[in-house]
Amino acid sequence: MVNTYEETEVAVEKKFVKKEHDINADIEWAKINKDILRSLERPRAIFWVIFVASFALFMVGVSCEVYQYQTGLGVANLDNPHVWGLYVATFIWWIGMGHSGTLLSALLHIMHADWRKPIYRYSEAMTTFTLLTAAMFVLVHLGRIWQFYYVVAYPNERWTWPNFQSPLVWDATAIGTYLTSSLIFLYIGMIPDLAICRDNAIGFRKKIYLFLSLGWMGTDRQWANFRVTYLTLACFLMPLAVSVHSIVSTDFAASQQPGYHITSFPPYFVAGAIYSGLAVIITLFIVLRYTFRFEEYMTIPILEKLAKLTFAAAMVWTYLNLIEYASTWYGNDMYAKQALIYRATGNFAPFWWMMNFLGSVLPFALAFKKVRTNIPVMLVLSILLNFGMWLERWMIISPTLAHGIYPWTWDHDQWPSFVQWGIVAGSFGWFNMLFMLYCKIFPSISMYEVKEMLYERRSFKTKKVAEEVSNPELAVEGGLAS
Amino acid sequence: MSKSHVMALFSDFDQASAAIRDLKSANLEGFKLDDVTLKSPIEHPEIEELLGKRPVYVRIFTFFGALFVPLLGFLFVASSQATFLLQPKGGKAVIPLPPNFVLTYEFFILGGVYMTALGFFICAKLPMKRNKLYNAHVSADQIGILIKAEDAIMPAIKDLFTKHKPLEIMWGEN
Amino acid sequence: MIHRLLAAMFFVFAFSGMANAEPFKWGGPIGSQTSDGYNALGPVVQQPIEFPHYRHARDMGINCMYCHTGARRGYVSVIPRIDKCIGCHQSIESVRNKPRIKKLFWYWDHKEPIPWKKVNDLPDYVRFNHERHIQRFYFRQNRPVREVCGYCHGDVANMTVDRRVKALSMGWCISCHEKDHRENDVSMKTSHGPYECWQCHK
Amino acid sequence: MSITNLLNNWSFYRQKRPFRGQYDLNKQYSEYKWAMALDLDICTGCNACTTACYAENNLPVVGKERYQHGYAMHWIRIERYWDENMGEFPESGTSFLPMMCQQCEEAPCETVCPVGATNHTNDGLNSQNYHRCIGSRYCSVNCPYKVRYFNFWNYPSTAWPSPLQDQLNPDLTVRTKGVMEKCTFCVQRLNEAKSRARTEYRLVKDGEVVPACVQACPTNAITFGNIVDPKSKVAKMWKNQQVDLYKDEQEKDSSMRGYRILEDLRPFPSVMYMERVRDMEA
Amino acid sequence: MSESGINRRDFLKVLGLGGSSLALTGCGNTDIRSGDEVIMPNVQPEDFVVPGLSVYYASTCRQCGSACGVMGRVREGRVLKMEGNPASRISGGKICGLGQAAVQVQYNPDRLTQPMMKVGSSLQPISWDKAMALLDEKTGPKSGIKGEEFGFLTGAMSGHLNVLTQNYMESLDSRNHYVYEALSPAISLAANRRVYGVDQPRLHFDKAKLIVSFGADFLGTGASPVHFAAEYAKFRKAPRGTLVQIEPKMTMTGGNADRWIAIIPGTEGVFALGIANQLLKHSEFTGTVPADIVDLVSKYDADTVSRITGVRSELVGHVASLLWEKTPSLVISGASVEGHAHGVQNAVAVQLLNQILGNVGKTIDGQAQSPFPQLSPAAGSFSALKAMNEKMGADEFKAVFIHGANPVFTAPSFMGFRDNLRKVPFKVAFVNALDETAEECDLVLPIFTAVEEFGSNVAWYQPEGVEITIQQPLMNQLYPDTRSMGDIMLNLVKARKADEYKAWPDFFSYLKTAIINIKPVVKYTDTDEHFWYDTLSNGVIHVDGAPQQVSAKFAATDLRLPASANAQDPVYPFYLVPSERHYFRDGRHANCGWLQESPDPMTTIVWDSWAEIHPKTAASMGIKEGDWLEIASQNGMLKVKAYVFPGIHPDAISIPLGQGHESLGRYAKGVGVNPFRILNPVFEKDTGELALYGTRVSVRKTGNSEIVVKDEGPVNTQMGRKLVVTLPADVAQLSKEI
């Protein structure tokens, strides 16, 4: 039997490409430009609804902060010894979310997993904005926010320096490094796309893109430099992302507070960060997919891959979580053990159990393909998982502080005041606002990389078909004859 | 002898590479591969097989950044600790190594990233002014081949291009 | 907050930290203290009486501590009590009708304190101990009083109304505390000033 | 900021503090190390020390509502513990424990402050510079004794209705909102005494200066002094009780009463407590 | 003090640098601003006033009756802090928290700053001239007021102000000087007089190896807490003495005891007789006690005692054997022993142990006789208030003066004191702040606080010899419209006896002359002026006096103790223990924020009243900490939060005194409840004093609850940590310590 080229093509597609059918390899490149640049034009009405809601939420946070600024941190219902509360918990949570974006992008880039290409851009943007949000919490939680610049190392008329021994300074350094590096990574990766925007935009927008695209022309020399640069940056960013959250964990692990002073905290924090980051990527995936009609690029198989990764991360986190409890229990240190028992039985116990359920049990739903491919379910699930991770951070901060080494000062039964909740809510508004503005101004899917992906897919297919055609035996084996 | 530029737009990479292959085999006098520039919407590393390896110097920047910035960072931290003598810490040395290593590591990343980015801008000559011989299609789905050549061989190049059915041929001052 | 930010930025660029450590410098002729010769940093302060420091400290050669009695025994150097001024001036008939002296006697007659303006005004939370500096450099090291006081106050003996001439910033204080000063005028042994925050911050 | 400075003094900068001999009378480093000895057997729990501290250190009275929320600013507090295996009645009385900043030599709070607002002075105090503090509250988190108090409210505007502000001690700042504060061993008194002593070319004499709590204590349960001076009462007591400043586990006779609280965390506190004694046969 | 005759208040006419050195807003403002602040130099200060330097002046603490010598830290004309005066034998250079709060009395934001007169039902400010004119009109020589129509109610007084007051009453030919203290030692003094023949014997804690204290909270309240705390410290040093405390509710002293025994209130005497019974079984005590007493005591065997007192029977023998083993010992009785209908007998029964054990002369002996009996304190008593109340009720008074007492607050409601007071046509109060009594008065005169006032004091309890503590002003008067109580009294006396007092323009000069008159007694050889200044700078005058003879006399008739003190009362099953808080006492200083925020040592509760209830009782009634309880007696009901407290007898409920003000300023008003209100009319039979501990109450749970504001956390043990370590006394080698 003679196989026509077309028949072979279909067969090859069945055999090889089916597994990789996450994106249709035959989309016209010009259509990609058009589809994605459309997100910079008029979005669905839901966009504006969310935007206005976010702005309102942000203003709630701002007014709470103004009140707190004028009155003192007491209005947040923090007290001695419960000096940290939702601010620090939410700070870690935002920082953690920022992880998956850049880390995933860099890791998958190095590993040549090309399904990252439609989703990495908005993930990186998410990283940037979660970091900005987290940095905001660092300021908000300070008693004297107006003196925050004392932490910055610069020569000054006081002849003072920050205390480089403090994990908070490492934190500031690490976050600063991560923020700037992520920004550079995001920007450099965006330059070819900015050139596309420039080539298609008109009016004042063109001037902006003209400026931002730095005259990129896509010459072979530029591409060669670009490739090396992008890979190198990815290599730097991956360890950086790991280091940032480990350093954040030293804020706790390096202290003497029982329940904070835990050796496994750095990997535990990193795992939690990746976990919550993946969950938020899924959430944003679904939202963007709907808002900007990206169904062709953000396809269900990609979502499934993300879900599988999330499941894996959840299991890593669960393991580290349990090992933390186990080692505390087994280590039999009186202070830490009492703190652990307090977490499970004290005032915060309902939240602690909820956290364990949401963090460890709920992700098993992701083992089912029906769940993974169901978009509304995934939306709810990802939000719930993230809420569980937020609870995790809160359960590290609050119960532990309420139950320290010194029994006389235990637990005044503090519940965060509306100021704390307001500022936490405001941070969501702030993040959403920034992220949506970003998606409105910059392409949230990397156009050139999607093209690259399609190009690779297509050449792979072509190559395979060519192989099949020139080698009939292989074709027979592959079942083409039938 | 004056030189001028010509650019041809092709609808896909195969056509463009065929054109370059032809150019190479044509053995035109004074034609150098260095003068060929491929403008593409995506990266085509395969083109280096035809045009020869394009030198990339970014890694040199990266190397120096990752080497010297942490060193300088360590010295910066240590010396500011030494001058900030009014705050010795109980239980710790004035210049304690573990925190400084953590910070040095951050400086290492920072140096690597910054210098890589700097190297990229320098090596890729960004920001630059766009050539006049630029077409917006290059950023969408077409491939452009820009050749800088002496006027004498310019007609031959154009002929060669035409043979490969380009979508468009542009020439003039760059 | 904004002004503090701006101030911080200003200091970064204008002073860049170490620039504040100025060597002691004698002033110029009388009347020149407004701008040149003094690194004058502070504004011209309107005092209730334009007290001629040059007349007392330079022309008469009166030791600073004759009036500022607290300098050698306490944290504050003390603005002289009015009966101290009167103690001399009621027997100096020659200047009795000068307007400034008339003003002085007006306060004295009404038993009212003279509302002097503070010129070298450290923030309220800073405790500068005059006693230790005077004891150390004037009594122990035997340096001239105009130099000892002048290191911070400038050459007041050539001024009319006192004017702030030094930065008085924290880095400026530390720049001097860092130096090794001879312990007295005979021995070559040196020591530096204390570094602790609590030494000055209260 | 110079490399030569770094290289020349490298070993000095790498020296861990405290090191044996850091405090000695020959002034290798510092001739003062303030320390306390607190006899729990004669502490009656009367709170004279806490009130004296309020008077001396401008501590705000926070009021009932805020006290309930744990905003009390008592730099020294008297804790009252019942015995763990008490029957129907606490037949052997109760235990009072005055707890203030222990002025640890290896203070956990010091290393974690991002701006270095808290650090060690040469005379062995754990200093807290209110004007440097930005209020990250990390020190309080890391303090095992929980004796650092944060100004959650703007007390200067509420705690001293006129003319109560006339009572405020001018040697001390009144702390505004957003800064951490704690017991200072009445550093304003120490500074005054030290400067007086320096003017007279001598060291501060034993008993010349005491913090307000020590001054008030009706039973003299608190002894304060310079532990470097072997002739001072507090040094004698530490030596007598076989408590060594630099050890995290004391080797002492079981009949001796000296101990330091939470020594196993290795903060090396400067306050030695002396065990409560009870006549078990009574 | 360069020129004699200058009133010491003048020296503080100083405007110092201090104003500018006070950093109220504290942090912030890092920039240097030339010319923004103003320095006010002194015009003509005293030589010793150096801006920026503190000066310490000796004076006397008047916060309670102990008359501790204190030092006031003064800077730039303001008194900043009170400290102990080492020259004083009473304070020994120490001070309690109540004494520290003297500066808060001085700077209290709710101080009365000008005279007030009742117009209609409210008080309106008037000028001093008008106030004095009114005073003169109503009580002056021209008013024709007769001695019996005039009453003067004061708190316990001593020193020269007391002398002036007596002289004033004399000049009026009035015997109606009522000295009233809500928490008076009157019953204790009566018992002492009966047993030892003196009002107050001297107690030698340091000589005793064992102290058995029946409800005496000598560390917290009582005659001289600061002094006794120091004595207690000596007692605890090697050889370490043992303290046994027997009381219904654990006081601070009980908390420090080696053995604390809970007992039903009022049965302490029975317990003491039970101990005596056990002791007398030992042969060495035969013959030391009269036979009729031996007879009486023999009725009290351990089981009977246990049944009456609610103490385990073996403890009777245990305490007896302790007393037998450890000599010399000291047995003392306190307020909870004395505050009963049989209070004197109870106390006498307790003191009997001292006689049996032969402690009299060893650990108990006489105080020095004062050569100046007129300066000795006039002890306050409840019976004085009762007498005055009856007279007021009978409309016998045309005018009353009230100074140093707040009877409207402290008188139990059954007396109807407020209504009786309202019947008096002209009532004058001399106060620092408007209290409940002052608000009922027609004329309220703001007087100097203790730190603005000159004076002299003699304490009730004298450790050694006689100490006259001199009170000198620590600062100039804070408010121009306040006046010295001494000056007012002097003027009042002058209005009657101008000739005798014309030599002294003011109280200061009167006091100075009087003090200089002491000079020969203390054998001072220098000039009068020097003596005066030495006295001022010392703060105290020590006069040696011959010790009074003390001999114990007991009669069986004094030991008639009710057999059924613990009779069941079905309606009011609980004994009310109105406990005295060590910094509140009768509540006159409840308007000091420091004292309100100073936790109660035993419960660590602040800013509130509470009802202590034993865990067993609480469990049986289903009461938890913070539950609102209704505590009712025959005379009223209080709503108060429960605090479950193991240190109380299960049949007793304890509510602290001193709170529940309806007036007295922002820090006191509306805080807690006032147990004085619900006391029953139970009186001590021998003295007629109010029996504070004689009230029975019922307890009812309301069902509401609220957080108890306290310093203590949710746990009250050390949770396995080594925070306070306890060493058995036989292991400790205190003698090896320094």
Side-chain angles (χ1 to χ4, degrees), chain A residues 28-30 32-33 153 155 159-161 163-167 169-170 173-174 176-178 180-181 184-185 187-188 191-192 195-196 198-200 211 213-230 232-233 235-237 239-240 243 247 250 447-449 451-452 455, chain B residues 13 36-45 47-48 51 53-59 62 66 76-77 80-81 83-84 86-87 89 92 96 99-100 102-103 105-110 112-114 116-117 119-121 123-131 134 136-141 144 146:
Chain A
E28 285 293 317
W29 287 14
I32 295 175
N33 275 14
W159 277 30
T160 53
W161 293 96
N163 174 21
F164 293 107
Q165 301 175 16
S166 167
V169 171
W170 313 344
T173 321
T177 309
Y178 192 43
T180 50
S181 304
I184 288 173
F185 191 51
Y187 175 64
I188 287 184
I191 288 176
I196 299 177
R198 172 199 65 200
D199 292 345
N200 291 282
F211 174 73
S213 62
L214 305 177
W216 177 268
M217 288 187 298
T219 67
D220 50 343
R221 284 182 181 78
Q222 284 174 335
W223 277 119
N225 279 302
F226 182 83
R227 184 179 70 236
V228 171
T229 306
Y230 201 62
T232 317
L233 286 181
C235 291
F236 276 108
L237 274 158
L240 173 62
S243 86
I247 286 174
T250 59
M447 291 178 274
Y448 76 97
E449 288 197 88
K451 287 176 195 165
E452 249 173 47
Y455 179 78
Chain B
F13 178 69
V36 180
T37 304
L38 190 80
K39 291 183 181 171
S40 55
I42 64 167
E43 185 191 350
H44 287 292
I47 198 72
E48 290 191 352
L51 298 179
K53 196 124 183 92
R54 298 295 192 198
V56 174
Y57 302 109
V58 175
R59 289 199 184 92
T62 312
F76 168 70
V77 171
S80 50
Q81 277 164 336
T83 44
F84 198 18
L86 61 162
Q87 55 141 349
K89 300 288 167 204
K92 302 282 183 286
N100 291 17
V102 169
L103 293 167
Y105 184 78
E106 296 303 324
F107 276 109
F108 160 70
I109 302 275
L110 209 58
V113 168
Y114 278 24
T116 307
F120 169 64
F121 291 134
C123 296
K125 300 197 178 66
L126 293 177
M128 73 193 310
K129 237 176 125 67
R130 266 175 307 155
N131 295 349
Y134 176 80
H137 287 298
V138 165
S139 68
D141 50 0
L146 177 75

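We name chains A, B, ... by the order of the sequence lines, and we start the count at 1 in each one.
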Could you tell me the separation between the [atom1] atom of [X] and the [atom2] atom of [Y], rounded to the nearest 0.5 Å?
{"X": "T229(A)", "Y": "R59(B)", "atom1": "OG1", "atom2": "CZ", "result": "9.0 Å"}
{"X": "R227(A)", "Y": "E43(B)", "atom1": "CZ", "atom2": "CD", "result": "4.5 Å"}
{"X": "T177(A)", "Y": "F107(B)", "atom1": "OG1", "atom2": "CZ", "result": "7.5 Å"}

Residue [X] versus chain B: region with a heavy atom under 4.5 Å:
{"X": "F211(A)", "answer": "neither"}
{"X": "P239(A)", "answer": "both"}
{"X": "I191(A)", "answer": "side chain"}
{"X": "L240(A)", "answer": "both"}

Closest non-hydrogen atom pair between W29(A) and I42(B), with its separation: CH2-CD1, 3.5 Å

Check Y448(A) against P41(B) and note the closest heavy-atom contact, atom names and distance.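 Looks like CB-O, 3.7 Å.
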
Report which part of L110(B) has an atom under 4.5 Å of a heavy atom belonging to chain A: side chain, backbone, both, or neither.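 L110(B) touches chain A through backbone and side-chain heavy atoms alike.
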
For chain B, which of [options] has the most heavy-atom pairs under 4.5 Å?
{"options": "N200(A), I32(A), T173(A), V228(A)", "answer": "V228(A)"}
{"options": "N225(A), I184(A), L237(A)", "answer": "N225(A)"}
{"options": "S213(A), A174(A), P192(A)", "answer": "A174(A)"}

side-chain contact (heavy atoms from CB on, under 4.5 Å) partners for S139(B), two or more places apart: I196(A), D199(A), Y134(B)

Is any side-chain heavy atom of [Y] closer than 4.5 Å to one of [X]?
{"X": "Y114(B)", "Y": "T180(A)", "value": "yes"}
{"X": "V138(B)", "Y": "M217(A)", "value": "no"}
{"X": "W223(A)", "Y": "R54(B)", "value": "no"}
{"X": "D220(A)", "Y": "H44(B)", "value": "no"}
{"X": "F84(B)", "Y": "F164(A)", "value": "no"}
{"X": "E106(B)", "Y": "I247(A)", "value": "yes"}

Using side-chain contact (heavy atoms from CB on, under 4.5 Å) as the criterion, point out the one residue from K125(B), K39(B), M128(B) that pairs with Q222(A).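 The option that passes is M128(B).
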
Identify which of G144(B), P96(B), A66(B) forms the greatest number of heavy-atom pairs closer than 4.5 Å to chain A. P96(B)

Best-contacting candidate, T62(B), L38(B), V77(B), against chain A by heavy atom pairs under 4.5 angstrom: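 Looking at each option in turn, the highest pair count goes to L38(B).
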
How are the rings of F13(B) and Y455(A) set relative to one another: parallel (under 30°), tilted (30 to 60°) or perpendicular (over 60°)? perpendicular

Please state whether the rings of F120(B) and W216(A) are parallel, tilted or perpendicular, taking 30° and 60° as the class boundaries.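 Aromatic pair F120(B)/W216(A) classed tilted.
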
Aromatic ring proximity F76(B)/W161(A), centre distance under 6.0 Å: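 Here the rings of W161(A) and F76(B) have centres that are less than 6.0 Å from each other.
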
Apply side chain to side chain donor-acceptor pair (under 3.5 Å) to N33(A) and list each qualifying residue two or more places apart in sequence or on a separate chain.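 For N33(A) the side chain to side chain donor-acceptor pair (under 3.5 Å) partners, ignoring immediate neighbours, are K451(A).
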
Heavy atoms of other groups near E28(A) CD, more than 12 under 6.0 Å: no

